[in-house]
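First up is the structure itself, then whatever we jot down about it.
If you read the sequence from its start, that first residue is 1, and numbering goes on from there.
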Amino acid sequence: MKYMFLLLLLIAGCELIRIGPNSSGVIILSRETSIGSVYLFKAELDSNNSHAAVQILAKSDGTKYLARERYEMQSEMERLGRILANRTISLYRTDTLQNDSHRIILEFDYLKTYIFTTKKIDNQWYIVDIQNDKQ
């Protein structure tokens with residue numbers, strides 16, 4: 001009976017042995033990774049902070065927006081924030097275009113899909129393009 005209890009305890013144990021790579025699956029909201037910068041962008045939109053959301057955007061040629069250009073984009077970011085309005089991310093996929101450029105596909109509530117193109121500029125990831133994937 002003791003051996004049966006021990007065997008049952010080992011089988012039902014919480015991840016006693018991990019096979020495969022050591023990844024926790026947690027995405028950190030930071031600009032150090034491409035997916036982290038997209039999640040940070042989404043978090044800024046969710047908190048109605050369009051000013052901070054615009055700071056994560058850059059031009060596709062790798063240059064950052066001027067202050068005047070960022071100011072003009074704030075209303076568009078507010079509109080995008082209202083469209084995504086606290087929707088949860090149900091799926092994400094990452095496609096590596098180059099070493100410093102990734103395409104992130106986010107699906108919101110299994111309904112809306114947006115494609116974010118990110119680029120690494122000065123050791124930080126910026127979003128250079130946002131597209132609505134109308135299916």
Side-chain angles (χ1 to χ4, degrees):
M1 191 65 172
K2 286 197 290 185
Y3 296 114
M4 191 64 132
F5 179 73
L6 182 61
L7 181 63
L8 187 61
L9 183 65
L10 286 175
I11 291 173
C14 222
E15 192 180 2
L16 295 174
I17 300 172
R18 176 177 278 189
I19 299 173
N22 188 12
S23 63
S24 63
V26 176
I27 296 173
I28 299 171
L29 303 178
S30 79
R31 303 206 20 218
E32 295 177 7
T33 63
S34 59
I35 188 68
S37 64
V38 173
Y39 268 72
L40 180 62
F41 178 76
K42 170 73 168 81
E44 296 296 357
L45 290 179
D46 285 346
S47 65
N48 292 324
N49 193 354
S50 62
H51 178 70
V54 172
Q55 301 291 327
I56 303 171
L57 301 176
K59 297 179 185 177
S60 59
D61 63 358
T63 58
K64 299 174 188 172
Y65 285 111
L66 299 173
R68 177 181 43 85
E69 295 170 319
R70 289 193 307 262
Y71 177 76
E72 292 170 354
M73 295 172 67
Q74 281 187 348
S75 62
E76 181 65 23
M77 291 304 106
E78 290 170 358
R79 185 184 77 79
L80 182 60
R82 287 188 300 272
I83 290 171
L84 298 179
N86 293 319
R87 294 182 183 263
T88 57
I89 297 172
S90 53
L91 174 73
Y92 76 90
R93 291 183 298 246
T94 303
D95 183 19
T96 303
L97 304 174
Q98 296 175 348
N99 286 341
D100 63 345
S101 180
H102 295 165
R103 180 175 290 138
I104 312 289
I105 302 167
L106 289 184
E107 187 177 85
F108 298 96
D109 291 337
Y110 301 102
L111 298 172
K112 294 185 180 288
T113 304
Y114 278 84
I115 301 170
F116 296 85
T117 305
T118 60
K119 188 173 183 88
K120 192 171 191 177
I121 304 167
D122 298 332
N123 291 326
Q124 289 187 330
W125 287 90
Y126 289 85
I127 298 171
V128 296
D129 187 36
I130 302 170
Q131 296 177 352
N132 183 0
D133 187 25
K134 298 176 184 174
Q135 297 175 345

Could you tell me whether a side-chain N or O of Thr118 sits under 3.5 Å from a main-chain N or O of His102, the two making a donor and an acceptor? yes

Where do Ser101 and Thr117 come nearest, in terms of heavy atoms and distance? OG-CG2, 4.3 Å

Greater than 12 external heavy atoms within 6.0 Å of Ile83's CD1: yes

Flag yes if Tyr65 and Ile127 sit in one hydrophobic cluster, no otherwise; membership is Ile, Leu, Val, Met, Phe, Trp, Tyr, and two members link when side-chain heavy atoms are under 4.5 Å apart. yes

Walk me through it: do Tyr92 and Val38 pass the test side chain to side chain contact (heavy atoms under 4.5 Å, CB included)? CA-CA 10 Å; Tyr92 76 90; Val38 173; over 6 Å; no

Please lay out, stage by stage, how Ser60 and Asp129 fare under the test side chain to side chain contact (heavy atoms under 4.5 Å, CB included). CA-CA 7 Å; Ser60 59; Asp129 187 36; over 6 Å; no

Quick one: do Met77 and Leu45 satisfy side chain to side chain contact (heavy atoms under 4.5 Å, CB included)? Show the steps, please. CA-CA 7 Å; Met77 291 304 106; Leu45 290 179; 4.3 Å; yes

Within the side chain of Glu76, is there an N or O that forms a donor-acceptor pair under 3.5 Å with the backbone of Met73? no

Indicate if Phe108 and Ile27 have the same hydrophobic cluster label, given that clusters are the connected sets of ILVMFWY residues with side-chain heavy-atom separations under 4.5 angstrom. yes

Heavy atoms, side chains only, cut-off 4.5 Å: are Phe41 and Leu80 in contact? yes

From Ile130 CD1 over to Phe116 CZ, what is the distance, rounded to the nearest 0.5 angstrom? 5.0 Å

Any sub-3.5 Å donor-acceptor pair from Asp109's side-chain atoms to Leu111's backbone N or O? no

Please output the side-chain donor-acceptor pairs of residues 47-57 that fall under 3.5 Å, not counting sequence neighbours, one pair per line with the distance.
unit_1, atom_1, unit_2, atom_2, d
Ser47, OG, Ala43, O, 3.2
Ser47, OG, Glu44, O, 3.1
Asn49, OD1, Ala52, N, 3.3
Asn49, ND2, Glu44, OE1, 3.3
Ser50, OG, Glu78, OE2, 3.4
His51, ND1, Gln74, NE2, 3.0

Measure the CD-CG distance between Glu32 and Asn123 for me, rounded to the nearest 0.5 Å. 9.5 Å

Answer yes or no: is there a donor N or O on one side and an acceptor on the other, between the side chain of Ser30 and the main chain of Gly36, under 3.5 Å? no

Does a sphere of radius 6.0 Å around CD in Gln124 hold more than 12 heavy atoms from other residues, nucleotides or ligands, not counting ones at 6.0 Å or beyond? yes

Could you see if Val128 belongs to whatever hydrophobic cluster contains Ile35? Use Ile, Leu, Val, Met, Phe, Trp, Tyr and a side-chain cutoff under 4.5 Å. no

Treating Ile, Leu, Val, Met, Phe, Trp and Tyr as nodes and any side-chain heavy-atom pair under 4.5 angstrom as an edge, say whether Ile105 and Leu84 lie in one connected cluster. no

Any idea which heavy atoms bring Trp125 and Asn99 closest together, and the distance? CH2-O, 4.0 Å

Just by distance, do the side chain of Lys42 and the backbone of Arg87 share a donor-acceptor pair under 3.5 Å? yes

Is Ile89 reachable from Leu29 through a run of I, L, V, M, F, W or Y residues, each pair having side-chain heavy atoms under 4.5 Å apart? yes

Other residues, nucleotides, ligands: >12 heavy atoms within 6.0 Å of Arg103 CZ: no

Could you tell me the separation between the OG1 atom of Thr33 and the CD1 atom of Ile28, rounded to the nearest 0.5 Å? 7.5 Å

With rounding to the nearest 0.5 angstrom, report the NZ to CD distance, Lys112 to Glu107. 12.0 Å

Hey, what do you get for OG (Ser34) to OH (Tyr126), rounding to the nearest 0.5 Å? 14.5 Å

Does Asp61 CG have over 12 foreign heavy atoms under 6.0 Å away? yes

Under 3.5 Å: donor-acceptor pair, side chain of Asp100, backbone of Lys119: no

